[in-house]
Amino acid sequence: MCGIVGYVGGKLASDIILDGLEKLEYRGYDSAGIAVQTENKIDIRKKVGRLQNLSESIQEKGIEGNLAIGHTRWATHGAPSDENSHPHYNSDMTIAVVHNGIIENYMELKKELLDKGYTFNSETDTEVIPKLLDLYEEEDFFKTIQKVLKMVRGSYALGILNVKYPDTIFCARKDSPLIVGKGEKENFIASDVPALLKYTNKVYYLENGELGIIKEDSVEFFDLDGNSVEKELHEIKWTMEQATKGGYSHFMLKEIFEQPKSIEDTLKRRISDKKEILFDDINLDIEKVKDIYIVACGTAYNAGLQGKFALQKIAKIKSDVDIASEFRYSDPFVDENSLVILVSQSGETLDTLAALRDSKAKGARTLAITNVIGSSIAREADDVIYTWAGPEIAVASTKAYTTQVTVFYMLALYFAKKKACIEEKEYNRILDNLLAVPKQVEQILAKDNEIMKMAEKMIDCQHGFFLGRGLDYSVAQEASLKMKEVSYMHTEAFASGELKHGTIALIEQDIPVLAITTQESLFEKSVSNIREVKARGAFVISITQEKNADLVKQVSDEVILIPDIDDLIAGITCVVPLQLMAYHVSTLRGLDVDKPRNLAKSVTVE
Ligand code: AGP
C-alpha cells in the first residue's frame, strides 16, 4: 500500500516527512517523494527505489520549509520509476498531490485533459488530480477540490498543497485510510498511525467523503459539499510495534483479516457493473489453446491446484499444475499452442521465473498472476493479471493465496464465456457465489476465538494430517503447508481416498486430523474416511458448510462451520479457518509466526 505523511508546524518539514515515511516502510513500496512549501514555490523531490535514495537527495541539497507532504508508492498504474513516483503536480508546480488508492475513471479524465492541451509526465492514474485542480482552479481552492473529487470514481487518500496557501495542507479520503494528527502548534496527516506516533498520539480518523483543512494551529473538517463536520479526537494507546500491525499482534493475523478487502479489491478491479469479467487486455485467442500449464512454488502452487480445478470444471480446458523446480526438468509438452500460467506473489521466485523463460523459449503464451506491479515475472510474461492483495509482509502467504484463487475463478469464467461453453444461468450462479466470498470470509473471521480454542488442543502435537477429496484435497495441501511453515508441526495433506493405501498406518490415538468436507458429490465418501480415522483413535476437526452440520458433527470431535456456498467456490472460504488454526498453533507455541525459521518471503535462489 502507498504511504502518505504531511506536516505543518515549526519544525523542518523534510525531517518529519522522511521520519514518518520510514515508519510506513512496512507497508511495502518501490519509490518515495516529497513536496515542500518554501517561500513562494513548491519544491519537489522524488526517487525510485528505497527511501534512502530520497534522503540522500535531500542531504545533498536540503529543502527549507515547515510545510510538506510525502509519499511512498506501491505501484498500481505504471512501473516503479522517478517519473511515476509521487508527488504529482501541475505544469507550473503550483499544485502538488500525493495519493493512495486507485482512480478508476482516470482514462476518461486523462483524455479530457489531453484534449484540453494538458501533457503528462507519468503513466499513473494519480496525475489527473493536480491537472484537474489546475484546470478547474477558482478563487476558493477548497471549492475546486470539492468539484474535482466529485468527478473522480475510485478510492483515494489525498494530501494536496497549493502555493497560494503557504500555511495549509488540504486532505481528503474515500476508501483509502487517512488520519490527521493533532500536535502542539503543529499538525500532521498520515496513512497510518506509526508515521506520527513519535509526535502525537491524538488523531482524527477521516471517514469516506470527508475533507480536511490543516494548518499549524487549526484542523477543520468538511463533507464533499463543504458542510462543516464535527469529529471526535481519539487517543492512540498502541506501542509503535503494535501500530505497524494496525493493532494486530502479527502481520500474518493482520493479513488474514485483510482478506475480505483484498478479495473484494481483486474482484471489483476486473468485474464490470454488468458482471462482465474484464480480461480483454489479455490478448490471447483461447480457442487456439490446447492445454494450460500452471507453474508455481509453495502456496502459489497450491493456488494453482484450485486453478486447475476451476479451469477444467468451468472452462473445460485441459490443465495441469506443476512445481516450478520440477516443471523445468520434466521436459513438458509445452509448445505454441500451450498457455503457461505463472503464479507468484512476489513475482521474483527464481524457479518460477526460470520456468517462464523456458516456456517462452518453447513458444508458449505466458500469463503471470502476481501481486507486485513491475516485478520480474510481471515484466517478462506476455500478459499479467495482478492480485490486489496489497503488500504481504508475513512470510506465510495468506491473502495472496485467496486472491490468486479468486483470479483463477474469474479467468475460468472469462474463458468459458469466450468459448461459449457455459450457460448464462451457470455463469451468473458461479459469479454470484464468487462475489459473496468477501462477506462470507468476514463471517468466518468472527469465529477466530472458537478456532483458537481448537488450536489449544494441538499445541503439543508433533504430527498431524489434513484430509480432503477433490477440491478439498487442494485446500488440504495449502493448510498443511501453512501449519508446517509457521508451527513446525510435521503435517501431511492426504487425499482421503488414498488413506487405506498406506497412510492410515500412521493414524494413532489422539493424532489430529483436519478433515475438509465441502464437496457435496464426495460427501458420503469423505464422511466414511473420517469414520475410518476416528475408529483408529484420531482427534478429528472437520471443516464443512453449515448445511452439513448435523451429520459431520456426529462423526467429528470438533466442527468448524463455514457459510453455505457453492462447492465450486468453497475452496476460497474454507481455507480461512485453517490459516487461523496454523497461526494460533504457532503463537501458542511462542514461535516467530511472521518470520519462521529457515524461510524467506521471496526465494530468489534456485
Ligand atoms: C508460502 O506461505 C511460502 N512463504 C512459500 O511457499 C511461497 O508461497 C513460495 O515461496 C512462492 O513465493 P511466490 O508466490 O512469491 O512466488
Side-chain angles (χ1 to χ4, degrees), residues 28 30 250-256 258-259 262 266 294-307 321-328 340-357 359 366-381 384-408 466 474-489 491 493 575-576 578-583 585-586 591-606:
D30 44 56
H250 300 96
F251 281 113
M252 183 177 174
L253 189 63
K254 176 171 178 272
E255 289 154 12
I256 290 172
E258 283 175 342
Q259 289 180 117
S262 54
T266 299
I294 303 167
V295 183
C297 301
T299 285
Y301 166 80
N302 293 333
L305 293 170
Q306 289 216 49
V321 199
D322 211 344
I323 294 168
S325 53
E326 290 296 311
F327 176 77
R328 299 174 61 195
V340 179
I341 301 177
L342 296 309
V343 190
S344 175
Q345 189 284 131
S346 63
E348 299 301 342
T349 298
L350 195 52
D351 282 322
T352 310
L353 181 57
L356 186 159
R357 290 169 177 162
S359 303
T366 54
L367 167 63
I369 297 175
T370 182
N371 196 41
V372 180
I373 306 257
S375 59
S376 304
I377 290 172
R379 275 182 288 107
E380 295 193 25
V384 57
I385 300 175
Y386 288 111
T387 48
W388 295 94
E392 189 176 65
I393 312 296
V395 166
S397 184
T398 51
K399 62 177 183 172
Y401 171 81
T402 47
T403 52
Q404 287 160 359
V405 177
T406 300
V407 165
F408 271 116
F466 291 82
S474 310
V475 177
Q477 295 186 72
E478 170 55 15
S480 173
L481 175 60
K482 280 286 98 38
M483 185 66 84
K484 269 187 277 206
E485 64 175 331
V486 297
S487 77
Y488 313 154
M489 184 194 301
T491 65
V575 76
V576 174
L578 295 160
Q579 294 169 337
L580 287 171
M581 185 74 76
Y583 168 80
V585 173
S586 175
L591 300 174
D592 184 354
V593 71
D594 281 338
K595 298 191 191 71
R597 67 187 181 201
N598 312 334
L599 294 179
K601 182 60 186 167
S602 178
V603 181
T604 53
V605 292
E606 289 193 75

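Each ligand, and each atom within it, is numbered from 1 in the order the structure gives. Computed from heavy atoms alone, side chains included, the values below leave out hydrogens, waters and symmetry copies.
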Main-chain N/O of [Y] paired to [X] side chain as donor or acceptor, under 3.5 Å:
X: Q579; Y: A479; result: no
X: Y488; Y: L591; result: no
X: D594; Y: F251; result: yes

Practice problem: Report yes if some heavy atom in the side chain of Y386 is under 4.5 Å from a heavy atom in the side chain of V372; otherwise report no. | Solution: no
Exercise. Return each pair, listed once, that meets salt bridge (charged side-chain N to carboxylate O under 4.0 Å, His left out) where at least one residue sits in residues 398-408; pairs must be two or more places apart or across chains.
Key: E258-K399
Quiz item: With M252, which of V395, L580, T398 fulfils side chain to side chain contact (heavy atoms under 4.5 Å, CB included)?
Solution: T398
For [atom], what's the nearest protein heavy-atom neighbour? Residue, atom name and distance, please.
atom: atom 1 (C) of ligand 1; answer: T299 OG1, 3.0 Å
atom: atom 10 (O) of ligand 1; answer: V603 CG2, 4.0 Å
atom: atom 6 (O) of ligand 1; answer: G298 CA, 3.2 Å
atom: atom 15 (O) of ligand 1; answer: S346 OG, 2.6 Å
atom: atom 13 (P) of ligand 1; answer: T349 OG1, 3.3 Å

Quiz item: For T387, which of T266, N371, T402, T370 qualifies under side-chain hydrogen bond (donor to acceptor under 3.5 Å, both in side chains)?
Solution: N371
Quiz item: So is V395 close enough to ligand 1, meaning a heavy atom under 4.0 angstrom away?
Solution: yes
Quiz prompt | Selection from A296, C297, A400 by shortest heavy-atom distance to atom 9 (C) of ligand 1 | solution = C297
Quiz item: Which is closest to atom 14 (O) of ligand 1 by heavy-atom distance: Q345, M252, E485, Q579?
Solution: Q345
As an exercise, identify every atom of ligand 1 less than 4.0 angstrom from a heavy atom of [X].
X: A396; value: 2 (O)
X: S397; value: 1 (C), 2 (O)
X: A300; value: 8 (O), 14 (O)

Exercise. With sequence neighbours left out, write down each residue that passes side chain to side chain contact (heavy atoms under 4.5 Å, CB included) with T299, or none if nothing qualifies.
Key: S397, Y401, E478, L481, K482, E485
Quiz item: Quick one: does ligand 1 sit under 4.0 Å from the side chain of E348, the backbone, both or neither, non-hydrogen atoms only?
Solution: neither
